[in-house]
Amino acid sequence: MIKGVKPLAKKDHRRGTSTTERDPKTLRRLAQNREAARKSRLRKKAYIQQLESSRIRLAQLEQELHTTRAHQGVFFPNGGILAGQSVVGKGVPIGGIDSLSSEAAMFDVEYGRWQEEHYRLMYELRAALQQHLPEGELQMYVESCLAHHDEMLGIKEGAIKGDVFHLISGVWRSPAERCFLWLGGFRPSEVIKMLLSHVDPLTEQQIVAVYGLQQSALETEETLSQGMEALYQSLSDTILSDALSCPSNVAIYMGQMAAAMNKLSTLKGFVRQAENLRQQTLHRLHQILTARQMARSLLAMSDYFHRLRTLSSLWVTRPRAPQEQQGHS
């Protein structure tokens, strides 16, 4: 430790209230929360073990698939292939473009589990807010919800490494949610705008801080969006190269494709920056707002996406006119 610098004291959200001074109802509620947390940890441990078994099985299936396709070769635009003369003329593509990768499948499973836990946390947070608990106790619920959002960052990191296209495509979200998807998630500036009507009243200092955070998020979003546009343009230029139109030289063809793949790898960096921005925005809001205001914000954000999912379900199950049904048949 640096000499003369004292460590920061841990913030006491309970405002100095000792355990012995609390009423039996509060102590009972805290004991129930601890027991629920313990059971949640046990369920999570069992679930992780199940995921690990599934991951091993998926890896085995993927290896078998790759082994089979290794005998089929690489497809070229002129109908020829690089290897596997037994399938010449059949036009067999490599890589299983239409299939779901094992990383994408694992992400979908983990996202489903995360969503179930999210519903439970939102239910508890709403109940705590309706009970008008003191700020210190409400703070514990808020921090649990934020920790759960942080967990999603880790889940997405696995998808970014394994199958970033699956993440940014949004196929793991409902159709209506995909309309508002930005680099695999929500736009922080839009969420802040949406939450402003749910955190009133704000002090003058809070107003300045929230609007400053919104402007900063907006500028970062714009920078990342411009970077993505430049990446797409550069990738398009590489794919449109004459060297790929008629690959008489396999070495040149594969060299151009390798250059395109290197450009695609930078996509992961953009998605990671977007995820970090989302996480930092939520934690910065937590620092600016009171526990009660932050609880309302988290509930408002959850309700917003829940309504989009409901809208998607209603749209899919809507009554259709005979002409529309014939058009889809």
Side-chain angles (χ1 to χ4, degrees), residues 13 29-55 58 102-131 133 137-163 166-167 170-174 176-178 180-181 184-186 188 191 194-195 198 271 274-276 278-283 285-286 291-292 294-310 312-313:
H13 296 301
R29 187 184 298 113
L30 291 174
Q32 291 173 350
N33 289 342
R34 285 193 293 270
E35 179 64 16
R38 185 185 70 83
K39 291 181 179 179
S40 178
R41 288 193 296 270
L42 291 176
R43 287 196 302 269
K44 183 177 180 181
K45 183 178 180 180
Y47 181 78
I48 290 175
Q49 292 174 345
Q50 181 183 359
L51 280 180
E52 181 62 21
S53 300
S54 300
R55 185 190 66 79
L58 283 170
S102 59
E103 293 86 356
M106 288 294 293
F107 172 78
D108 288 353
V109 171
E110 292 186 4
Y111 177 72
R113 178 198 61 81
W114 183 92
Q115 195 70 265
E116 291 179 1
E117 182 68 9
H118 177 72
Y119 289 145
R120 184 188 69 80
L121 289 172
M122 290 298 104
Y123 176 83
E124 293 179 353
L125 182 62
R126 196 183 304 276
L129 198 59
Q130 292 172 349
Q131 293 173 13
L133 297 180
E137 294 185 27
L138 194 58
Q139 182 75 18
M140 293 187 294
Y141 289 93
V142 170
E143 290 178 350
S144 295
C145 295
L146 288 175
H148 191 56
H149 278 282
D150 290 343
E151 183 182 343
M152 173 48 64
L153 185 67
I155 295 174
K156 284 187 173 181
E157 177 59 30
I160 291 172
K161 291 179 179 178
D163 192 347
H166 180 73
L167 185 62
V171 293
W172 46 281
R173 291 271 200 172
S174 66
E177 287 179 290
R178 290 175 216 161
F180 303 94
L181 207 63
F186 61 85
V191 167
M194 175 186 66
L195 298 181
H198 296 273
V271 178
E275 288 301 325
N276 288 332
R278 283 186 272 269
Q279 183 191 38
Q280 292 168 9
T281 300
L282 286 179
H283 282 275
L285 280 172
H286 183 215
R292 198 166 305 278
M294 191 62 194
R296 291 198 199 103
S297 299
L298 291 170
L299 286 171
M301 186 168 67
S302 177
D303 289 344
Y304 173 75
F305 290 111
H306 179 72
R307 289 166 189 167
L308 287 177
R309 288 190 290 272
T310 302
S312 296
S313 299

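Heads up: numbering here begins at 1 and tracks the sequence. Because only heavy atoms are used, hydrogens play no part in the values below, and waters and symmetry mates are left out as well, while side chains stay in.
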Inset, instruction - Have a look at Lys156 and tell me which of Glu151, Glu275, Glu103 forms a salt bridge (charged side-chain N to carboxylate O under 4.0 Å, His left out) with it. - result: Glu275
Please round to the nearest 0.5 Å and tell me the distance separating atom [atom1] of [X] and atom [atom2] of [Y].
X      : Y      : atom1 : atom2 : result
Leu298 : His198 : CG    : NE2   : 12.0 Å
Leu133 : Arg292 : CG    : CZ    : 7.5 Å
Ser174 : Arg307 : OG    : CZ    : 14.0 Å
Met106 : Ser102 : CE    : OG    : 8.5 Å
Gln130 : Leu125 : CD    : CG    : 10.0 Å
Asn276 : Leu153 : CG    : CG    : 6.0 Å

Legend entry - Salt-bridge present (Arg120, Glu124; N to O < 4.0 Å): yes
Inset, instruction - Would you mind checking if Asp108 and Arg113 are paired as a salt bridge, meaning a charged N to carboxylate O distance below 4.0 Å? - result: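 Salt bridge: no.
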Legend entry - Verdict with reasoning, Met152 to Gln279, per side-chain contact (heavy atoms from CB on, under 4.5 Å): CA-CA 10 Å; Met152 173 48 64; Gln279 183 191 38; over 6 Å; no
Legend entry - Verdict with supporting geometry, Phe180 and Phe305, side-chain contact (heavy atoms from CB on, under 4.5 Å): CA-CA 10 Å; Phe180 303 94; Phe305 290 111; 5.9 Å; no
Any side-chain heavy-atom pair of [X] and [Y] under 4.5 Å:
X      : Y      : result
Leu121 : Tyr141 : no
Met301 : Met194 : yes
Met122 : Asp303 : no
Asp163 : Phe107 : no
Val191 : Tyr304 : no

Inset, instruction - Step through the shown structure and confirm whether more than 12 heavy atoms of other residues, nucleotides or ligands are within 6.0 Å of NE2 on His283. - result: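 Yes, the 6.0 Å shell around NE2 holds more than 12 heavy atoms from other groups.
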Check for a donor-acceptor pair, side chain of [X] on one end and backbone N or O of [Y] on the other, with a separation under 3.5 Å.
X      : Y      : value
Ser312 : Ala176 : yes
Arg173 : Arg178 : no
Arg309 : Glu177 : no
Ser144 : Met140 : yes

Inset, instruction - Assign the ring pair His148 / His118 to parallel, tilted or perpendicular, where the plane angle (0 to 90°) is split at 30° and 60°. - result: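 Aromatic pair His148/His118 classed parallel.
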Would you name the heavy atoms of [X] and [Y] that are closest together and state the gap between them?
X      : Y      : value
Leu167 : Trp172 : O-NE1, 2.9 Å
Ala291 : Val142 : O-CG2, 3.6 Å
Leu138 : Ala128 : CD1-CB, 3.9 Å

